[in-house]
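One structure below.
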Amino acid sequence: QVQLVESGGGLVQPGGSLRLSCAASGTISSINAMAWYRQAPGKQRELVAAIRSGDSTNYPDSVKGRFTISRDNAKNTVYLQMHSLKPEDTAVYYCNAAVRPIGSMTFYAYWGRGTQVTVSS
């Protein structure tokens with residue numbers, strides 16, 4: 001069993017900052033790419049940031065320069081540092097990871113349950 005657990009969401013004023021964390025646990029052999037997605041009410045889930053095993057990253061234009069994704073491979077944890085938050089960043093943020101479980105030769109996509117981020121004055 002593999003689990004992803006997000007933390008760090010909450011209410012923040014426009015222009016503020018938040019740091020999200022996502023820890024992967026369970027029968028993990030290795031982790032390839034890790035990513036953050038978000039889903040606002042009535043909208044499709046969208047990619048916010050991704051980081052590959054070699055630490056290359058990519059961001060959509062909507063968050064580029066404001067959000068930074070990083071990972072700690074020793075802790076199987078991925079982070080999302082968010083600055084200059086805007087009301088349109090309000091959404092449930094989900095962690096995603098490509099994980100190879102122990103005993104498997106295949107990578108599978110796992111999701112966390114999400115953490116709410118609300119940007120409002």
Side-chain angles (χ1 to χ4, degrees):
Q1 290 281 9
V2 174
Q3 292 184 326
L4 302 182
V5 179
E6 302 99 335
S7 61
L11 173 64
V12 63
Q13 292 187 341
S17 299
L18 276 178
R19 188 192 194 211
L20 306 183
S21 300
C22 171
S25 63
T27 54
I28 297 170
S29 177
S30 61
I31 300 176
N32 194 349
M34 304 184 82
W36 288 94
Y37 287 75
R38 68 185 180 188
Q39 188 166 20
K43 294 188 176 181
Q44 290 188 334
R45 190 171 297 189
E46 63 175 354
L47 177 69
V48 174
I51 184 167
R52 294 169 185 78
S53 57
D55 287 343
S56 63
T57 59
N58 66 282
Y59 307 89
D61 288 342
S62 58
V63 307
K64 198 171 292 182
R66 301 188 298 122
F67 291 9
T68 302
I69 189 171
S70 60
R71 63 193 288 174
D72 183 335
N73 293 326
K75 296 181 179 180
N76 288 336
T77 299
V78 63
Y79 306 96
L80 184 68
Q81 179 67 57
M82 304 183 290
H83 294 298
S84 303
L85 283 162
K86 306 175 181 179
E88 51 263 42
D89 294 318
T90 296
V92 178
Y93 284 69
Y94 297 91
C95 175
N96 169 268
V99 179
R100 184 163 65 92
I102 293 173
S104 174
M105 297 299 291
T106 303
F107 283 86
Y108 297 92
Y110 290 88
W111 292 89
R113 293 190 173 187
T115 185
Q116 176 70 46
V117 172
T118 302
V119 185
S120 175
S121 55

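Residues: numbered from 1 along the sequence shown.
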**OP:** Decide yes or no on side-chain hydrogen bond (donor to acceptor under 3.5 Å, both in side chains) for N76 and R71, but give the supporting numbers first.
**Re:** CA-CA 8 Å; N76 288 336; R71 63 193 288 174; over 6 Å; no
**OP:** Report the C-alpha distance between T90 and V117 in whole Å, list the side-chain angles of each, state the deciding distance to 0.1 Å, and finish with yes or no for side chain to side chain contact (heavy atoms under 4.5 Å, CB included).
**Re:** CA-CA 5 Å; T90 296; V117 172; 5.9 Å; no
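What you find for Y79 and S21 is that their closest heavy atoms are CD2-OG, 3.3 Å. Scanning both residues, S17 and Q81, for their nearest heavy atoms gives CB-NE2, 4.1 Å. Taking both residues in full, the closest heavy atoms of L80 and A49 are given as CD1-CB, 4.0 Å, listed atom of the first, atom of the second, then distance. Closest approach of P14 to S121, counting heavy atoms only: CD-N, 3.7 Å. Contact between A24 and L4 at its shortest, heavy atoms only, is CB-CD2, 3.3 Å. Closest heavy-atom contact between S84 and D89: O-OD2, 4.4 Å.
Annotation: the span from Q3 atom CD to Y110 atom OH amounts to 10.5 Å, rounded to 0.5 Å. We find the OG-CG distance between S62 and L47 to be 9.0 Å, quoted to the nearest 0.5 Å. Taking CG of N73 as the reference point, atom CG of D55 lies at 6.5 Å (rounded to 0.5 Å). Atom CD of Q13 and atom OG1 of T118 lie 13.0 Å apart (nearest 0.5 Å). Of the inter-residue distances, the one linking R113 atom CZ with C22 atom SG reads 13.0 Å to the nearest 0.5 angstrom.
The shortest side-chain heavy-atom distance between L11 and S120 falls under the 4.5 Å cut-off. Put simply, the side chain of V12 does not reach to within 4.5 Å of the side chain of M82, judged on heavy atoms. Side-chain atoms of C95 and V78, non-hydrogen and from C-beta on, do get closer than 4.5 Å to each other.
One hydrophobic cluster holds both Y59 and V119 under the rule that ILVMFWY side chains link at heavy-atom gaps under 4.5 Å. In this structure, V48 is a member of the same hydrophobic cluster as I51, with clusters built from ILVMFWY side-chain heavy atoms closer than 4.5 Å. By the rule that hydrophobic residues join a cluster once side-chain heavy atoms approach within less than 4.5 Å of another member, L18 and V92 end up as members of separate clusters. Y94 and M34 end up in different hydrophobic clusters when Ile, Leu, Val, Met, Phe, Trp and Tyr side chains are linked at under 4.5 Å. Taken together through direct or relayed side-chain contacts under 4.5 Å among Ile, Leu, Val, Met, Phe, Trp and Tyr, F67 and I69 form part of one hydrophobic cluster.
Salt bridge K64/D61: present, at least one basic N to carboxylate O contact under 4.0 Å. A salt bridge links R38 with E46; the closest basic N to acidic carboxylate O contact falls under 4.0 Å.
The aromatic ring centroids of Y37 and W111 lie less than 6.0 Å from each other.
Heavy-atom neighbours of Q1 CD from other residues, nucleotides or ligands within 6.0 Å: at or below the threshold of 12. Dense packing is recorded around CZ of R52, with more than 12 heavy atoms of other residues, nucleotides or ligands lying under 6.0 Å away.
Figure legend: R100 and Y108 shown without cation-pi pairing, the cationic atom not lying both under 6.0 angstrom from the six-membered ring centre and within 45 degrees of its axis.
The backbone N or O of P101 lies less than 3.5 Å from no partner atom in the side chain of S104, so there is not a single donor-acceptor pair.
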